[in-house]
Structure formats: C-alpha cells, structure tokens
Amino acid sequence: MPRILIIILLVVVLCLGASIGYFNAMPVTFYYLFGSVQIPLIGLILGVFSIAVLLTLGLTMTRVFSLKSQIRQLRRKLHDNETELRNLRNLPVEADKK
C-alpha cells in the first residue's frame with residue numbers, strides 16, 4: 001500500500017512539474033557577469049535550483065565527512081580505553097604489606 005501512495009505522489013509531482021514547465025516556457029533574458037543570454041524561464045528556474053542543490057550537497061557532505069572523522073577518532077579512543085580498562089581489571093591484586 002505505501003508503494004502505491006509513493007507512486008501516486010510521484011506522478012502528481014511530475015504532472016505539476018510538467019505544467020509549470022509548460023506555462024513558463026517563454027524566453028527571458030538572463031544577465032550575468034560576462035554578458036546575457038535568452039533562455040526559457042523554466043530552464044533558468046531549474047538551473048538555479050540545480051546549482052542550489054549542488055551547493056547544499058557540497059556543504060553538507062563536508063560537514064558529514066568531518067563528523068565521520070570525529071566519530072572514527074572517538075571510536076579509536078574508546079577502543080583504547082576499553083583495552084586499558086580490561087588490562088587493569090586483569091592485574092593481580094597485591095595485598096598491602098605493613
């Protein structure tokens with residue numbers, strides 16, 4: 001049942017995207033730093049959206065990789081501390097000599 005709902009939702013989103021693309025097909029002039037170009041409005045919208053997604057993914061992945069590195073370091077420290085604790089527990093107990 002959830003698979004059918006996902007498929008229906010995907011079809012609805014694709015239909016909405018197609019209708020937005022159809023109604024925004026008029027050409028617009030896009031001025032950028034080195035000149036200008038005429039492209040369909042939907043192309044400009046999709047291009048800006050794609051750039052935003054790529055920048056967001058790039059920033060997110062740098063944060064994810066730094067956190068994974070930190071997790072690796074902490075796991076290594078935990079392993080070392082557990083090994084040291086195990087070794088200390090296995091040491092023979094010496095009685096105090098008075």
Side-chain angles (χ1 to χ4, degrees):
M1 187 69 175
R3 181 176 275 179
I4 294 172
L5 291 175
I6 291 173
I7 291 172
I8 290 172
L9 183 65
L10 187 62
V11 168
V12 168
V13 168
L14 287 175
C15 288
L16 285 173
S19 66
I20 289 172
Y22 177 75
F23 290 115
N24 289 311
M26 65 186 115
V28 293
T29 304
F30 176 66
Y31 296 96
Y32 55 95
L33 192 58
F34 301 111
S36 64
V37 66
Q38 272 204 326
I39 57 173
L41 181 58
I42 190 66
L44 182 61
I45 292 171
L46 288 175
V48 169
F49 181 75
S50 300
I51 291 171
V53 166
L54 291 175
L55 286 174
T56 303
L57 282 174
L59 292 173
T60 303
M61 293 317 283
T62 57
R63 180 72 176 145
V64 166
F65 288 141
S66 69
L67 289 174
K68 282 189 176 191
S69 170
Q70 187 177 3
I71 288 171
R72 241 180 281 116
Q73 290 173 353
L74 290 173
R75 282 188 178 155
R76 200 172 307 127
K77 282 183 182 180
L78 177 64
H79 183 274
D80 292 342
N81 288 339
E82 286 175 342
T83 304
E84 182 179 359
L85 182 62
R86 194 175 318 112
N87 290 337
L88 288 173
R89 284 183 181 161
N90 291 334
L91 284 178
V93 177
E94 294 181 19
D96 287 332
K97 297 180 182 178
K98 291 186 180 183

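Small disclaimer: the values here were computed from a predicted structure and weren't measured.
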>> To the closest 0.5 Å, what do you measure between CD1 (Ile39) and CG (Leu46)?
In response: 10.0 Å
> For the hydrophobic clusters of this structure (ILVMFWY residues joined by side-chain heavy atoms under 4.5 Å, transitively), does one cluster hold both Leu55 and Leu33?
Replying inline: no
> Can you tell me how far the CD atom of Glu84 sits from the CZ atom of Arg89, to the nearest 0.5 Å?
Replying inline: 12.0 Å
>> Counting only heavy atoms from other residues, nucleotides and ligands, does the tally under 6.0 Å from OH of Tyr31 exceed 12?
In response: no
>> Working to the nearest 0.5 angstrom, can you tell me the gap between Gln70 CD and Leu74 CG?
In response: 5.5 Å
>> To the nearest 0.5 Å, what is the distance between CG on Leu44 and OG1 on Thr29?
In response: 10.5 Å
> Mind checking whether Tyr32 and Ile45 sit in one hydrophobic cluster, side chains of I, L, V, M, F, W, Y counted as touching below 4.5 Å?
Replying inline: yes
> To the nearest 0.5 Å, what is the distance between CD1 (Ile6) and CG (Leu9)?
Replying inline: 8.0 Å
> Side-chain contact, heavy-atom cut-off 4.5 Å: Leu91 with Asn87?
Replying inline: no
>> Which heavy atom of Leu16 sits nearest to which heavy atom of Ser19, and what is that distance?
In response: O-OG, 2.8 Å
> Linking I/L/V/M/F/W/Y whenever their side-chain heavy atoms sit closer than 4.5 Å, directly or via other members, would Ile42 and Ile51 fall into one cluster?
Replying inline: no
>> Please tell me whether Ile20 and Leu41 are part of a single hydrophobic cluster in this structure, the criterion being side-chain heavy atoms less than 4.5 Å apart.
In response: no
> Ignoring hydrogens and geometry, is there a side-chain-to-backbone donor-acceptor pair from Ser69 to Phe65 under 3.5 Å?
Replying inline: no
> Taking all non-hydrogen atoms of both residues, which atom of Thr56 and which atom of Thr60 are closest, and how far apart?
Replying inline: O-OG1, 2.7 Å
> Which heavy atom in Ala25 sits nearest to a heavy atom in Pro40, and how many Å separate them?
Replying inline: O-CB, 3.8 Å
> Can you tell me how far OG1 of Thr62 sits from CG of Leu57, rounded to the nearest 0.5 angstrom?
Replying inline: 10.5 Å
